[in-house]
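Structure first, commentary second.
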Amino acid sequence: MRNPGQDEQQERRRAAEIAGRLLEWYGRHGRDLPWRRTRDPYHIWVSEVMLQQTRVETVIPYYERWMAQFPTLEALAGAPEEQVLKAWEGLGYYSRARNLHQAAREVVSRYGGSVPDDPEAVSRLKGVGPYTAGAILSIAFNRPVPAVDGNVLRVIARLYAIADDIALPATRKVITELVRAMMPAGRSADFNQALMDLGATICTPRSPRCLLCPVREACEGFRAGRVGGLPVKGKARAPRPVERVAAVVEQDGRLLLTRRPPDGLLAGLWELPGGDAPPGRSPEDALRAVLWDAFRVEAVVGEHLVDVTHAFTHLVWYIRCYRAELGPGCEIPETPDRRWVAPEELKDYPLPTVQRKVLAALHEARTPGVGLNGRDIRSAETGGVMRER
DNA sequence: CAATCGTGGTT
DNA sequence: TAACCAAGATT
């Protein structure tokens with residue numbers, strides 16, 4: 001009969017065995033990624049924020065461009081927000097960019113430009129939650145703090161056959177403490193990244209490569225044949241459909257753009273004038289109402305140009321796009337949130353992917369009109385973030 | 001706690 | 001193809 005002290009010691013030995021195998025595996029099979037060629041806390045920080053809910057392959061080109069454009073924390077802090085959003089264009093979850101920008105300014109003003117290395121200060125930075133704080137502290141400073149992302153949740157849930165919903169804070173806490181207890185002294189950076197790499201390349205969500213796993217013998221989920229059913233995770237809800245209207249308003253070869261509010265969906269990015277279309281009214285009426293709210297002038301809604309569908313995580317936009325004239329014959333002055341944009345200037349404005357889709361559809365439909373011919377729109381598109389089609 | 005917040009790739 | 005998923009944070 002063993003006493004609790006012996007069980008605890010046994011468990012500690014098992015954890016050390018797992019950690020050792022993981023480190024050994026990581027040394028041979030860890031991925032060579034751009035942000036792993038440095039230990040600069042700013043570089044690590046930027047990569048971790050970009051990687052939030054975003055695939056490595058997607059992030060790499062953004063990361064490279066970002067470091068060329070904002071080589072230092074001071075460079076980022078000194079840049080205008082519009083330029084920061086432009087660099088983030090197409091990456092999604094744009095509050096990450098605005099939070100990172102604000103936090104960079106905070107580090108410059110409060111910490112003299114050096115990223116703090118204590119958990120409390122790092123966690124207070126905008127956009128830095130439990131995972132990102134752990135990642136910065138462990139990877140950049142080798143401090144013994146867990147970095148529990150989706151990979152780690154999955155790996156640990158399988159390793160210990162944890163069947164509780166990983167979305168629950170209580171489950172995350174259990175897993176975080178298991179990781180903390182497992183961390184080998186002085187190897188925090190490698191250990192956290194080893195867990196993530198194992199999840200990304202071996203212990204994948206579907207079709208995990210258990211036969212190649214360095215910790216298969218220690219995996220309770222594998223032993224019990226339950227890897228396929230772990231981790232347990234609630235189902236996503238269906239996105240809510242939203243009818244939208246948008247207007248192509250031209251004047252002297254320029255296109256009218258408006259900037260979205262500073263909070264909420266696609267905050268601070270630019271779009272064609274438009275908005276939600278309340279159900280039960282014609283799209284033309286809805287567009288007139290939306291344009292009245294925005295500009296306080298009567299609008300003449302012209303021909304229907306294109307329809308664009310765009311799905312977000314939690315909603316789907318069905319956009320009906322019309323030509324429209326404001327006034328008519330009345331001046332719409334520019335403001336900070338309202339600009340007449342020549343085609344060759346479109347590339348200077350941060351536009352969300354949904355708006356690029358609208359422009360592409362207009363181009364595809366060969367929408368006639370001064371300054372809106374195909375060549376101009378195409379050059380404006382490719383003038384921004386280059387992307388294969 | 002549950003909803004919000006993007007986009008692109010995979011199955 | 002629709003559903004799922006990816007190095008989450010904020011409110």
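Below, chains carry the letters A, B, ... as their sequence lines are ordered, and counting in each starts from 1.
Side-chain atoms of Thr313(A) come within donor-acceptor range of the base of dG6(B), with a qualifying N/O pair under 3.5 Å. Between the side chain of Arg31(A) and the base of dA7(C) there is at least one donor-acceptor pair of N/O atoms closer than 3.5 Å.
Considering only side-chain atoms of Thr132(A), the nucleotide from dT11(B), dA9(C), dG8(B) that sits closest is dA9(C). Closest to the side chain of Leu265(A), out of dC5(B), dA6(C), dT7(B), is dC5(B). For His314(A), taking side-chain heavy atoms from C-beta onward, the closest of the listed nucleotides dT10(B), dA9(C), dC5(B) is dC5(B). Among the nucleotides dC5(B), dA9(C), dG8(B), the one closest to the side chain of Thr353(A) is dG8(B). The side chain of Arg154(A) lies closest to dA6(C) when the candidates are dG8(C), dT10(C), dA6(C). The side chain of His310(A) sits closest to dT7(B) out of dT10(B), dA7(C), dT7(B).
The residue Arg36(A) sits close to a base: some heavy atom pair falls under 4.0 Å. Using a 4.0 Å heavy-atom distance criterion, Ala147(A) is classed as making no nucleic acid contact. Counting any heavy atom pair closer than 4.0 Å across all strands shown, Leu315(A) reaches no nucleic acid atom. At the heavy-atom level, Leu153(A) lies nowhere under 4.0 Å from the strands shown. Val152(A) comes within 4.0 angstrom of nothing in the nucleic acid, heavy atoms only. Note on Gly199(A): nothing from the nucleic acid sits closer than 4.0 angstrom, heavy atoms only. No engagement by Trp317(A) is indicated, since no non-hydrogen atom pair under 4.0 Å with the nucleic acid exists.
Side-chain contact check for Arg339(A) and Thr258(A): no donor-acceptor pair (N or O, by modelled atom type) lies under 3.5 Å.
Taking atom NZ of Lys126(A) as the reference point, atom P of dG8(C) lies 20 Å away to the nearest angstrom. Taking atom CG of Asp164(A) as the reference point, atom P of dC1(B) lies 13 Å away to the nearest angstrom. Rounded to a whole Å, the CD1 atom of Ile136(A) is 13 Å from the C1' atom of dG8(C). Atom OH of Tyr26(A) is separated from atom P of dA7(C) by 14 Å (rounded to the nearest Å). Protein atom CG of Leu195(A) is 17 Å distant from nucleotide atom C1' of dA6(C), rounded to whole Å. Distance, Leu351(A) CG to dG6(B) C1': 15 Å, rounded to whole Å. Straight-line distance from the CZ atom of Arg96(A) to the P atom of dA6(C): 15 Å, rounded to whole Å. Here the P atom of nucleotide dG8(C) and the CH2 atom of Trp88(A) are 13 Å apart, to the nearest Å.
The phosphate of dA6(C) has neither OP1 nor OP2 within less than 4.0 Å of any side-chain N or O from Gln53(A).
Ion pairing between Glu106(A) and Arg124(A) fails under the 4.0 Å rule for side-chain N and carboxylate O.
The 5' end of DNA chain B is approached more closely, in terms of each residue's nearest nucleotide, by Arg237(A) than by the other of Thr58(A) and Arg237(A). The nearest heavy atom of DNA chain B to Tyr93(A) and to Leu168(A) marks one nucleotide each, and the one closer to the 5' end goes with Leu168(A). When each of Gly127(A) and Glu48(A) is assigned the nucleotide of DNA chain C bearing its nearest heavy atom, the one mapping closer to the 5' terminus is Glu48(A).
Comparing dA7(C) with dA3(B), their C1' atoms are spaced 22 Å from each other, to the whole Å. Rounded to whole Å, the separation between the P atoms of dA9(C) and dG8(B) comes to 22 Å.
Under the 4.5 Å side-chain criterion, counting only non-hydrogen atoms from C-beta, Leu33(A) is in contact with Val56(A). Arg98(A) is not listed as a side-chain neighbour of Val84(A), based on a closest heavy-atom distance of 4.5 Å or more. Residues Leu125(A) and Ile136(A) are not in side-chain contact: their nearest non-hydrogen atoms beyond the backbone lie 4.5 Å or more apart.
Aromatic ring centres of Tyr62(A) and Trp88(A) lie farther apart than the 6.0 Å criterion allows.
Note on ring orientation: taking the six-membered ring where Trp is involved, the planes of Phe312(A) and His310(A) are perpendicular (angle over 60°, cut-offs 30° and 60°).
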